[in-house]
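See below for the structure under consideration.
Each ligand, and each atom within it, is numbered from 1 in the order the structure gives. The basis for the numbers below is simple: all heavy atoms, side chains too, and nothing from hydrogens, waters or symmetry mates. Please read these numbers as outputs of a predicted model, since none were measured by experiment.
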Amino acid sequence: MGQNGTGPNGTRNSGPRCIALVGPFQSGKTTLLEAILARTGAIQRQGTVDAGTTVGDASKEARHHKMSVEATFATANFMGDSYTFIDCPGSIEFIQDMRSVLPAVDAAVVVCEADEKKVPQLQLILRELEDQNIPHFLFLNKIDKADKRVRETIKLLQPASRVPLLLRQIPIWNGDIISGFVDLALERAFVYKEHAPSEIVDLKGDDLNREKEARFTMLETLADHDDELMEQLLEDIQPPRDKVFDDLAKELRDRIVCPVLLGVASRSNGVLRLLKALRHETPGADETASRLGVKAGSDAVALVLKTFHTTHGGKMSIARLLSGQAGDGTTLTTSAGDAGRVSGVFKLMGQHFEKRGQAASGETIAFGKLESAKTGDTLSSGKQPHAALTQVKPYAPVLAIAVQAKERKDDVKLGPAFTKLTEEDPSLTVLHNAESHEVVIWGQGEMHLRVAAEHLADRFAVPVSTRPPSVGYRETIRKPITQRGRHKKQSGGHGQFGDTVLEIKPLPRGSGFKFEDRITGGVVPRNYIPAVEEGVVDALKHGPLGFPVVDLSVALIDGSYHTVDSSDQAFRTAGRIGIVEGLPQCQPVLLEPIHLVEIVCPTEATAKMNAILSGRRGQILGFDTREGWDGWDTVRAQMPESEIGDLIIEVRSATAGVGSFVFKFDHMAELTGRTADQIIAARRAAE
Ligand SMILES: Nc1nc2c(ncn2[C@@H]2O[C@H](COP(=O)(O)OP(=O)(O)O)[C@@H](O)[C@H]2O)c(=O)[nH]1
Ligand SMILES: [Mg+2]
């Protein structure tokens, strides 16, 4: 039996495992991690989320907001194997942390509740797992609060999954509370004990009948992909228990079923059976490595699941080693060719990192001080960099804030802080708007950006103030005129003289700006003409309404000069004067950017989207069912940029957090009336 090879019962993998705990917001992931750590002896006592004593959510930001805002990693030992669990945030705003770790995990446990309102969120998460080909179990949590039959719950949740939800356990009811469960593969009944392993009890009476029926349903589903099992069922032959376990493992790994286990994370019920299912049925690191296309060989190959910068220990890169070994001093190179030396290998336990020895293939650890590693990078120790194993493209950002260091002296620290921030979280983008002189952070939602700003202050020591970013307004003109621009100054000695006549004309939308030289007979000498253009361009940066002027042509048609007093400088000023004096007579009008927006939402919310879009001056272009997403719609609309600003907040609140959109610039449109007047007045006030 090799380290990651086949175990004694034919299918079990041994060796280190890496398991993601995912699922909708508030379903009990952090609590489940805590229960697992307590059950495996990694921690002494099971803490609670409500008391703020859990290993997960231990960062300042998570405790403060009482929600997981980033992935938590913890390694425990279970029956001789090492398991790293990753508690992934459930909120869609922080989903990138989940998406970044998924490629490297052997399996995921989807923690969920029997709550209809959370089905769209569940679907979103299952879709990620399905798209990334990750074997996954469902852990139906909080069954202490169950008020319906489990089979009804499965029916409720099934639309969220593309593959059959395979009920593996059924509850034992005691009155209207669930006191234990029957494992349908083992054919054994268990009674829950609080914070202790469940006790095996005899299966009898009504429970036995229900077990037979539910087991048959489970086997029927498994038999859909196993002809031999199908025959046995048709001929009423009891399949051997090992065969059932083999099928469960195989169909999980082939991702054709999603087995469902039951439990109460807060009381550690059902946790041991979950761990055993992970132990017996999930793929091992070797299988995960081959799924990712890791080149076989003795080189170390690792995928960076998350990097972050600690206040004292410097940079940490949490990585899964998928091949070879790596220890203190190992040189690891990114696929882009940036090399770094590992300075310390650490065991993971939430916020706590413990120095340890060299890491072996399959283990998930933190490497110290790999300055060039980023979240999502592939590292290798070979002479040639290993090709990138995955490329998890972040979701398009939906919300932005402009940030500014609270103190001028911190300005120099902002650049490096942004680099670290976006290295840690690829779903954040920082853009510099040269026109408005704003630094804008784009992210996945209000809380995401708030936490990003908190990180700037707490982790990178740059307190920032934030505000909504400015909208890219422009202005244009509606009426052509001819305007003289003349600059004459006689102040002793050398004077200044430039004289221009400009023909200013509107152009069609999207034309930008054109300058034309129509001078004849050298009334303005050739060498001064570029200066006139410069003066014009300069004046167009700030039109009479306060915004850059576009979609117009300016022709220099006449002028005069002075042999001694004329200069580039004088003609630049003359050109500028022509524009500054001319534009107010051209009926200037505000232009606002209009974007094409594509909203996706569960069908129940489509009517609400309609109302939201019309309330925000949106023009609906059409509806469609969302391709590949049962029960979802796509709504397309044109919408002013200013209205997209905080659109996501309304979309999320109308869709229990799952609606989203992408947008791209479409065109500039004239804006008049009250809204325009307000924008112009606000601009004046700000100047
Ligand atoms: N009744 C009950 N409550 C639970 C259970 N598991 C978690 N909770 C509670 O549900 C809330 C959310 O749990 P948490 O672990 O933070 O969920 P997460 O957002 O998925 O990490 C907390 O108040 C937990 O105490 C459970 O099995 N039963
Ligand atoms: Mg949590």
Side-chain angles (χ1 to χ4, degrees), residues 19-39 43 45-74 85-98 101 108-115 117-119 121-122 124-126 128-129 136-148 150 153 157 169 171 176-181 192-196 198 260-274 306 350-351 445 447-448 451 656-658:
I19 308 289
L21 306 179
V22 303
F25 188 46
Q26 288 275 309
S27 57
K29 300 172 293 294
T30 302
T31 308
L32 179 61
L33 173 65
E34 195 71 10
I36 289 172
L37 296 177
R39 171 64 82 238
I43 55 173
R45 258 190 92 232
Q46 180 168 346
T48 69
V49 173
D50 306 305
T53 51
T54 49
V55 172
D57 289 357
S59 73
K60 183 175 164 194
E61 291 79 12
R63 291 267 194 260
H64 174 58
H65 297 297
K66 291 209 176 349
M67 63 186 281
S68 307
V69 298
E70 60 195 320
T72 299
F73 300 74
F85 292 94
I86 310 170
D87 171 15
C88 300
S91 153
I92 189 171
E93 297 189 27
F94 299 98
I95 206 167
Q96 183 60 35
D97 257 27
M98 171 189 101
V101 306
V109 175
V110 185
V111 183
C112 74
E113 294 168 77
D115 183 349
K117 291 197 289 297
K118 289 191 180 171
V119 172
Q121 263 196 64
L122 178 65
L124 209 79
I125 287 158
L126 288 175
E128 283 298 333
L129 297 168
H136 52 279
F137 293 90
L138 210 70
F139 184 77
L140 183 57
N141 191 32
K142 303 194 188 180
I143 59 157
D144 53 330
K145 296 204 299 192
D147 57 358
K148 46 173 110 46
V150 171
T153 303
L157 303 179
Q169 299 175 339
D176 50 11
I177 62 158
I178 292 176
S179 60
F181 66 98
Y192 290 140
K193 300 279 166 202
E194 194 153 346
H195 298 299
S198 302
V260 181
L261 304 169
L262 313 175
V264 185
S266 54
R267 289 194 214 143
S268 190
N269 292 158
V271 171
L272 193 58
R273 290 263 30 111
L274 170 67
K306 186 170 178 65
Q351 298 285 94
M447 186 61 88
H448 188 221
V451 169
V658 296

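Of the protein's non-hydrogen atoms, Asn141 ND2, 3.1 Å is the one closest to atom 6 (N) of ligand 1. Lys142 CE, 3.7 Å is the protein heavy atom nearest to atom 8 (N) of ligand 1. The nearest protein atom to atom 23 (O) of ligand 1, hydrogens excluded, is given as Asp50 OD1, 3.1 Å; this is a heavy-atom distance. For atom 19 (O) of ligand 1, the closest non-hydrogen atom on the protein side is Gln26 N, 2.8 Å. The nearest protein atom to atom 26 (C) of ligand 1, hydrogens excluded, is given as Ser266 OG, 3.2 Å; this is a heavy-atom distance. In terms of protein heavy-atom proximity, atom 17 (O) of ligand 1 is nearest to Gly28 N, 2.9 Å. In terms of protein heavy-atom proximity, atom 2 (C) of ligand 1 is nearest to Asp144 OD2, 3.5 Å.
Under a cut-off of 6.0 angstrom, the local environment of NZ in Lys148 is crowded, with over 12 non-hydrogen atoms contributed by other residues, nucleotides or ligands.
A distance of 6.0 Å separates CG of Leu274 from CG of Leu32, quoted to the nearest 0.5 Å. Atoms CD1 and CD, from Ile95 and Glu128 in turn, are 5.5 Å apart once rounded to the nearest 0.5 Å. Atom CD of Gln169 sits about 4.5 Å away from atom CG of Leu261, to the nearest 0.5 Å. With rounding to the nearest 0.5 Å, the separation of OG in Ser27 from CZ in Phe139 is 10.5 Å. The distance from atom CZ of Phe181 to atom CD1 of Ile143, rounded to the nearest 0.5 Å, is 8.5 Å.
A donor atom on one side chain and an acceptor atom on the other are found under 3.5 Å apart for Thr30 and Ser68.
Distances between N or O atoms of Ser27 and those of ligand 1 include at least one value under 3.5 Å. Polar contact with ligand 1: absent for Gly263 (N/O pair, distance under 3.5 Å). Taking any N or O of Val49, backbone or side chain, none lies under 3.5 Å from an N or O belonging to ligand 1. For ligand 1, the polar-atom distance check against Asp87 finds no nitrogen or oxygen pair separated by under 3.5 Å.
The distance from the Mg ion (ligand 2) to the nearest N/O/S atom of Met67 is not under 2.8 Å. Put simply, Thr31 stays out of reach of the Mg ion (ligand 2), with no N, O or S atom under 2.8 Å from it.
Using a cut-off of 4.0 Å between Lys/Arg side-chain N and Asp/Glu carboxylate O, Asp57 and Arg63 are scored as not salt-bridged. The existence of a salt bridge linking Glu113 and Lys145 is excluded, since no basic side-chain nitrogen approaches an acidic carboxylate oxygen closer than 4.0 Å.
Only the side chain of Lys145 comes within 4.0 Å of ligand 1, judged by heavy-atom distances.
Heavy-atom distances between Val111 and ligand 1 stay at or above 4.0 Å for every pair.
Side chain of Asn141 to main chain of Ala265: a donor-acceptor pair is present (N/O by atom type, distance under 3.5 Å, no hydrogens or angles).
Of the options Leu32, Val264, Thr31, the smallest heavy-atom separation from atom 14 (P) of ligand 1 is shown by Thr31.
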